[in-house]
Amino acid sequence: MKRVIFIDRDGALLVEPSIGLSIDRLESLEFRPRVFQSLAYVAARLDFEWVMVVDGENKGGLSFPAESVCPVQSKIMQMLANEGIGFEPVCIDMLSLQESRSCKLSRYTTGEYDLAHSYVIGDCLADVRLAANIGCRAIYFASTERGVAEVEAAGLASVCDAVTDDWWKVAEIICAGTRRVSLERRTAETDIQLSLNLDGTGRTDIHTGLGFFDHMLDQLGRHAGIDLSVTVKGDLQVDEHHTIEDTALVLGEAFGRALGDKRGLARYGFSLPMDDALCRVVLDLGGRSWLVWKADFHREKIGDMPTEMFFHFFKSFSDAARINLHIEAEGTNEHHKIEGIFKALARALKMAIRRDFTDDRLPSTKGVL
């Protein structure tokens with residue numbers, strides 16, 4: 001089935017002029033940085049139909065004069081076509097689309113298009129809503145901090161694959177996909193819901209019932225630059241063991257799944273000091289689990305987390321994620337040592353999960369990971 005990419009022209013493809021002005025003259029025409037490079041890369045590798053979505057009126061509320069708009073639009077289409085980016089010759093008007101969606105989109109909703117794996121790319125929430133309405137994925141072309149908050153506030157996070165104002169990142173998402181996983185695990189001892197996005201921005205939402213454990217998982221997400229959401233209801237009336245162990249198992253499984261086929265993966269990661277503590281975490285995402293642990297703790301608990309569970313957490317995580325993990329820590333402050341370990345793990349993971357989507361080779365001479 002054919003896939004399609006709808007792209008909002010003014011704001012996503014083009015830099016929008018000041019309020020009250022329109023792109024009706026060649027001197028006001030400015031493309032977004034790296035848009036040609038990015039779209040040409042996608043067009044050369046994937047078979048999408050390209051559709052441009054334009055505004056039916058300018059920001060001042062006056063209709064575009066056809067005699068001035070058409071030459072500019074023709075120039076835009078020609079410049080894109082010269083780079084191998086063949087948009088449909090007739091663009092969809094956004095205002096008409098909003099007024100009579102079924103009419104304007106009838107061509108794409110007949111069952112001949114794979115809308116579930118198609119995209120709407122635009123710089124306003126209306127574009128993300130359009131994706132939700134027609135069953136597409138959305139890429140919100142906006143600054144990450146502002147855009148993520150807007151998408152979440154509007155309840156559109158489930159259809160939005162990425163929030164970015166970098167066209168090369170858009171190309172990566174389209175070509176290689178997002179590395180997101182959501183898992184649930186229910187036993188007689190724990191009820192865990194976990195969401196992981198390896199291509200996130202370090203946003204975390206952690207609720208395990210153990211304050212110090214929450215703090216450590218928050219450090220992991222933030223310093224690795226991954227989005228991590230964890231909610232655990234465990235039998236803490238018994239003790240902390242099941243909550244910590246099962247969270248590690250689900251987190252490790254999520255990492256293993258999110259890595260996918262590992263093509264283009266950096267694979268290896270390395271360590272950091274924290275005041276008196278020196279922590280080293282070296283890892284390999286090559287698929288063979290092993291833990292080397294050289295860290296001693298002399299307090300029974302740090303916060304509400306038993307120190308005997310530190311080794312058990314990392315062992316369960318490395319087994320479930322199939323990671324070769326070496327951890328060493330030296331120092332006098334027990335809090336600093338374990339926090340340094342979690343931060344060092346985060347930085348090592350950040351290095352190792354980095355992906356070059358232009359390289360489809362496996363980082364292994366074996367041919368499989």
Side-chain angles (χ1 to χ4, degrees), residues 1-13 35 38-39 41-43 45-56 85-142 144 147-165 167 169-184 193 195-200 203 227 229 257-258 260 357:
M1 295 174 67
K2 190 82 169 178
R3 295 186 293 170
V4 59
I5 298 179
F6 302 91
I7 304 182
D8 181 27
R9 191 192 74 169
D10 302 348
L13 279 177
V35 68
S38 304
L39 292 185
Y41 186 88
V42 175
R45 285 157 180 79
L46 300 175
D47 185 23
F48 279 97
E49 185 171 305
W50 301 81
V51 177
M52 193 180 297
V53 180
V54 298
D55 290 330
I85 309 161
F87 277 90
E88 288 292 288
V90 178
C91 305
I92 293 180
D93 176 84
M94 175 59 83
L95 293 182
S96 297
L97 181 64
Q98 293 169 349
E99 294 166 2
S100 54
R101 181 172 291 113
S102 60
C103 175
K104 288 293 181 179
L105 288 177
S106 59
R107 170 179 174 180
Y108 303 98
T109 56
T110 59
E112 298 179 9
Y113 287 83
D114 181 7
L115 292 180
H117 297 95
S118 298
Y119 292 92
V120 175
I121 305 171
D123 69 324
C124 63
L125 281 177
D127 302 313
V128 184
R129 290 192 184 96
L130 171 62
N133 289 338
I134 64 177
C136 285
R137 308 302 302 167
I139 298 177
Y140 189 17
F141 198 85
T144 302
V148 168
E150 290 179 351
V151 167
E152 290 184 350
L156 295 168
S158 62
V159 302
C160 190
D161 276 2
V163 178
T164 181
D165 55 5
W167 264 106
K169 182 66 176 178
V170 173
E172 177 183 350
I173 296 299
I174 295 173
C175 289
T178 55
R179 296 181 292 177
R180 291 183 177 183
V181 172
S182 293
L183 294 178
E184 294 184 5
Q193 297 181 31
S195 295
L196 172 70
N197 179 8
L198 296 186
D199 301 302
R203 295 171 65 87
D227 293 344
S229 174
R257 291 192 188 185
F357 75 99

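Any value given below was found using the heavy atoms of this structure, including those in side chains, with hydrogens, waters and symmetry copies removed.
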Does the side chain to side chain contact (heavy atoms under 4.5 Å, CB included) test come out yes or no for R129 and L156, once each step is laid out? CA-CA 7 Å; R129 290 192 184 96; L156 295 168; 3.7 Å; yes
What is the minimum heavy-atom distance between [X] and [Y], and which atoms define it?
| X | Y | value |
| --- | --- | --- |
| V163 | A142 | CG1-O, 3.8 Å |
| L46 | C175 | CD1-CA, 3.8 Å |
| A162 | I173 | CB-CG1, 4.0 Å |

For [X], what residues pass the side-chain hydrogen bond (donor to acceptor under 3.5 Å, both in side chains) criterion, not counting sequence neighbours?
| X | answer |
| --- | --- |
| S182 | S195 |
| E184 | R186 |
| D161 | R137 |

Suppose we screen for side-chain contact (heavy atoms from CB on, under 4.5 Å). Which residues come up paired with [X], at least two apart in sequence or across chains?
| X | answer |
| --- | --- |
| D199 | K169, E172, R179, N197, R355 |
| A149 | none |
| S118 | R3, V4, L115, C136 |

With sequence neighbours left out, what residues match Y41 under ring-ring contact (aromatic ring centres under 6.0 Å, His included)?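 For Y41, the residues satisfying ring-ring contact (aromatic ring centres under 6.0 Å, His included) (neighbours in sequence not counted) are W168, F357.
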Gap between atom [atom2] of [Y] and atom [atom1] of [X] - 0.5 Å precision:
| X | Y | atom1 | atom2 | value |
| --- | --- | --- | --- | --- |
| E150 | C160 | CD | SG | 10.5 Å |
| D123 | L13 | CG | CG | 10.0 Å |
| T178 | R180 | OG1 | CZ | 5.0 Å |
| I121 | I5 | CD1 | CD1 | 5.5 Å |
| I7 | R9 | CD1 | CZ | 13.0 Å |

Tell me if a side-chain donor or acceptor on D227 pairs with a main-chain N or O of L196 at a distance below 3.5 Å.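 Between the backbone of L196 and the side chain of D227 there is no qualifying donor-acceptor contact (under 3.5 Å).
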May I have the step-by-step check of side chain to side chain contact (heavy atoms under 4.5 Å, CB included) for V170 and S38, ending in yes or no? CA-CA 8 Å; V170 173; S38 304; over 6 Å; no
Show every ring pair (Phe, Tyr, Trp, His ring centres under 6.0 Å) that has at least one partner inside residues 117-140, sequence neighbours left out.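 Every pair satisfying ring pair (Phe, Tyr, Trp, His ring centres under 6.0 Å) with a residue in residues 117-140: there are none.
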Go through the structure and list residues passing salt bridge (Lys or Arg N to Asp or Glu O under 4.0 Å) with R257, not counting sequence neighbours.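 Listed in chain order: E253.
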Side-chain touch V51/F87, heavy atoms, less than 4.5 angstrom: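 Side chain of V51 against side chain of F87, heavy atoms only: no contact under 4.5 Å found.
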Proximity of F6 and W50 rings by center, below 6.0 Å: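 No, they do not, as the ring centres are separated by 6.0 Å or more.
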Show your reasoning for whether side chain to side chain contact (heavy atoms under 4.5 Å, CB included) applies to K2 and F48. CA-CA 7 Å; K2 190 82 169 178; F48 279 97; over 6 Å; no
One pair to check against side chain to side chain contact (heavy atoms under 4.5 Å, CB included): D8 and V120. What are the steps and the verdict? CA-CA 8 Å; D8 181 27; V120 175; over 6 Å; no
